[in-house]
Q: 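Structure provided below as structure tokens; questions to follow.
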Number of protein chains: 2
Amino acid sequence: MTKARSSVATAKKEKVLASAETAEAKPIKRRRSADATRSRILWAAYGEFAAKGMEGARIDAIAERADANKRMIYHYFGDKEGLYLAVLEAAYERARSAERKLDLNRLDPEMAMGRLVEFTFDSFVKDRSFIQLLNTENLLGARYLRRSEKIPALHSPLFTMIADIVERGAAAGVFRNDVDPAQLWISIVSLSYFYFSNVHTLSFVIGKDLQAQPALAERKAHVVGMVLDYLRHKQG
Amino acid sequence: MTKARSSVATAKKEKVLASAETAEAKPIKRRRSADATRSRILWAAYGEFAAKGMEGARIDAIAERADANKRMIYHYFGDKEGLYLAVLEAAYERARSAERKLDLNRLDPEMAMGRLVEFTFDSFVKDRSFIQLLNTENLLGARYLRRSEKIPALHSPLFTMIADIVERGAAAGVFRNDVDPAQLWISIVSLSYFYFSNVHTLSFVIGKDLQAQPALAERKAHVVGMVLDYLRHKQG
DNA sequence: TGCCTTACGCACTAACCAGTTACTTACCTA
DNA sequence: TAGGTAAGTAACTGGTTAGTGCGTAAGGCA
């Protein structure tokens, strides 16, 4: 039945001659490229897992998105779980790598904290998939995160930066001196993360498109203001 | 192969005789109770959908949890989507109903806001499933929420309460007067919601069990403090 | 030029699962 | 008490999907 294509493929390769013909099917020939194929699969899977969740994601859909054969997924990643874990690791690595590029040492504490909060907000604007993937992983009780050997139980780079900025600010007398950096880190991420992770239900309940540009700018200003006001508060 | 059981069933029913024997299965008799069965299915589905997500949830698992026959699910809710929608509506209704019971009018603005923030935090402690269900629904782009006729696009009761408290506080001179109630509502929910929706990954990254009692108390105090400090801030 | 490893592809299967068919049994009312 | 209706059950089905068996061809190396 579906032998037409394979018989074409079997009929030797006159690539030099046939290169202009393109036959009926698209892929007469493909260069072999392990890294490229692996990478295409990985990012296709990132999109699929983020959009549909672990159970909702379809291996066939990933293969199609990646323009790769399904068999290759099993070749490179073993099974669905292996692929999911690789995606999770790659996503974490990418997010942390972006955080590491932040250089706030030369800014005064208030400016530095403002930049850090804005960076956090903007990173979610740029890549909404990471949030969806984290939600999926939390639904699974961080099962795969725990299983990972590539994602050590280390703090986010932001964590250290926050502790540093808060300390500098307290020393300079512009920030309060009773701040727990861990709580503050969670709060800074919260204020942006929740807005994006729940955009759809929030937009519906509030009756306004929270993904539109004016709403985004409004939210970002509010978040930065709230964090800075909290820090500037003087004790006693 | 699996014909053994069906041949037993085919072999007529000597129910009258066998009534005392209890055969091999447990439920020889059950009282008929439409509402009770419907309700058992609904809350079993609530747990299953929250724990596994829309795609991950299994109809057979829900039937088993509810101690009901699978056919009953289709009898009462039509199909999986109908069941999911009913669960979503019930969950929203329950959450809002709890919010409505809050009576903060007699408290001064600071006390009232403190209570409201604590209430929000505690409601997530009491029922973690609601958060998981909201995450699932957001992954689906609020598709079912929009489809619902029972959940109108009304604000949460908390929204009105927040606006009221902020206004009272500003009038009394204890709160700043430039607060956007919508942004504040999102922020108050954020600060608690994110902590719980991401407990597993956060606990792993921070290296501490955030579900344990001391961590919960610490977080609650931080959130209340942050909101109140923000509100107490006086304008230039 | 021949050989061997590895990237790649097709077509299949076994399991799973939402939904259904065909039936029995409890309860209410005329 | 007859009989109709709705609650309840068991066994099946058709479509879907993760995972595989087996074969082909590309490219490096001798």
Side-chain angles (χ1 to χ4, degrees), chain A residues 1-16 25-41 45 48-49 52-64 66-84, chain B residues 1-16 18-19 23-41 45 48-49 52-64 66-84:
Chain A
M1 274 93 215
T2 48
K3 279 280 144 186
R5 266 159 82 239
S6 69
S7 68
V8 167
T10 311
K12 277 300 162 49
K13 65 269 45 192
E14 48 270 293
K15 51 193 155 187
V16 186
K26 54 295 170 68
I28 299 190
K29 201 120 297 185
R30 159 165 296 167
R31 306 301 302 178
R32 302 178 62 166
S33 167
D35 283 0
T37 302
R38 206 192 116 96
S39 170
R40 282 205 320 281
I41 291 173
E48 177 78 5
F49 278 122
K52 307 284 183 61
M54 172 69 173
E55 297 263 359
R58 297 285 163 253
I59 292 287
D60 291 274
I62 293 168
E64 197 170 352
D67 192 26
N69 191 280
K70 182 160 73 143
R71 196 72 188 71
M72 288 298 93
I73 293 176
Y74 293 93
H75 185 252
Y76 288 118
F77 300 98
D79 57 11
K80 195 181 184 182
E81 294 195 322
L83 177 58
Y84 174 82
Chain B
M1 270 96 212
T2 49
K3 280 283 143 183
R5 277 177 56 247
S6 72
S7 69
V8 168
T10 312
K12 274 297 160 50
K13 56 249 103 189
E14 46 270 296
K15 54 196 155 190
V16 187
S19 63
E24 69 270 75
K26 58 283 165 77
I28 298 189
K29 202 122 294 182
R30 157 167 294 170
R31 307 300 301 177
R32 304 177 60 166
S33 168
D35 283 0
T37 302
R38 203 193 118 96
S39 172
R40 283 205 320 281
I41 291 173
E48 176 79 3
F49 278 122
K52 308 284 183 63
M54 172 69 172
E55 298 262 359
R58 296 285 163 253
I59 292 287
D60 292 271
I62 292 169
E64 197 170 352
D67 192 27
N69 190 280
K70 182 159 75 141
R71 194 68 187 77
M72 288 296 94
I73 293 176
Y74 292 93
H75 185 251
Y76 289 118
F77 300 98
D79 57 11
K80 195 180 185 183
E81 294 196 320
L83 177 58
Y84 174 81

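Residue numbers start from 1 in every chain, and the chains themselves are labelled A, B, ... in the order their sequence lines are given, proteins ahead of strands. Not measured: the values here are computed from a predicted model. All values below come from the heavy atoms of this structure, side chains included, with hydrogens, waters and symmetry mates left out.
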Q: Can you list everything that forms a side chain to side chain donor-acceptor pair (under 3.5 Å) with B:R38? Sequence neighbours excluded, please.
A: none
Q: Reckon A:H75 has a side-chain N or O less than 4.0 Å from the OP1 or OP2 of C:dT6?
A: no
Q: Kindly compute the distance separating CD1 (A:I59) from CD1 (A:I73), expressed to the nearest 0.5 Å.
A: 5.0 Å
Q: Go through the structure and list residues passing side chain to side chain donor-acceptor pair (under 3.5 Å) with A:E81, not counting sequence neighbours.
A: A:Y144
Q: Looking only at non-hydrogen atoms, find the nearest pair between A:T37 and A:A68 and report the distance.
A: CG2-CB, 4.3 Å
Q: Check whether any side-chain heavy atom of A:Y76 lies under 4.5 Å from a side-chain heavy atom of A:L83, and answer yes or no.
A: no
Q: Nucleotides 20-23 of chain D: which of its N/O atoms have a protein N/O under 3.5 Å away?
A:
residue	atom	partner	partner atom	Å
D:dG21	O6	A:R71	NE	2.7

Q: Take the protein atom CE of B:M54 and the nucleotide atom C1' of C:dC17, then report the distance between them rounded to whole Å.
A: 14 Å
Q: Taking all heavy atoms of B:A63 and all of B:N69, pick out the closest pair and write down the distance.
A: CB-C, 4.2 Å
Q: Tell me, please, which residues at least two apart from B:K52 pass salt bridge (charged side-chain N to carboxylate O under 4.0 Å, His left out).
A: B:E48
Q: Would you please confirm or rule out a distance under 4.0 Å between OP1 or OP2 of C:dC10 and any side-chain N or O of A:N69?
A: yes
Q: Could you check which of D:dA7, C:dG9, D:dG19 has an atom nearest any side-chain atom of B:M72?
A: D:dA7
Q: Quick one: A:K80 NZ to C:dC16 C1', roughly how many Å, whole number?
A: 12 Å
Q: Identify, with sequence neighbours excluded, every residue that meets salt bridge (charged side-chain N to carboxylate O under 4.0 Å, His left out) alongside A:K80.
A: none
Q: Kindly write out the residues that satisfy salt bridge (charged side-chain N to carboxylate O under 4.0 Å, His left out) with B:D79, not counting sequence neighbours, or none if the list is empty.
A: none
Q: If the cut-off is 4.0 Å, is A:T37 near the phosphate of C:dA7, judged by side-chain N/O to OP1 or OP2?
A: no
Q: Rounded to whole angstroms, how far apart are CZ on A:R38 and C1' on C:dT6?
A: 15 Å
Q: Using a cut-off of strictly less than 4.0 Å between a heavy atom of the residue and any atom of DNA chain D, enumerate the qualifying residues of residues 56-64 of chain B by number.
A: none
Q: Counting only side-chain nitrogens and oxygens, does A:Y76 get under 4.0 Å of the OP1 or OP2 atom of C:dC8?
A: yes
Q: Atom CD of B:E55 and atom C1' of D:dT16: how far apart are they, to the nearest Å?
A: 11 Å
Q: Atom CG of A:D35 and atom C1' of C:dC8: how far apart are they, to the nearest Å?
A: 15 Å
Q: Give A:F77 one of three labels, base, sugar-phosphate or nothing, depending on what nucleic acid heavy atoms sit under 4.0 Å from its own.
A: nothing
Q: Check the distance between D:dG8's P and B:D67's CG and give it to me in whole angstrom.
A: 11 Å
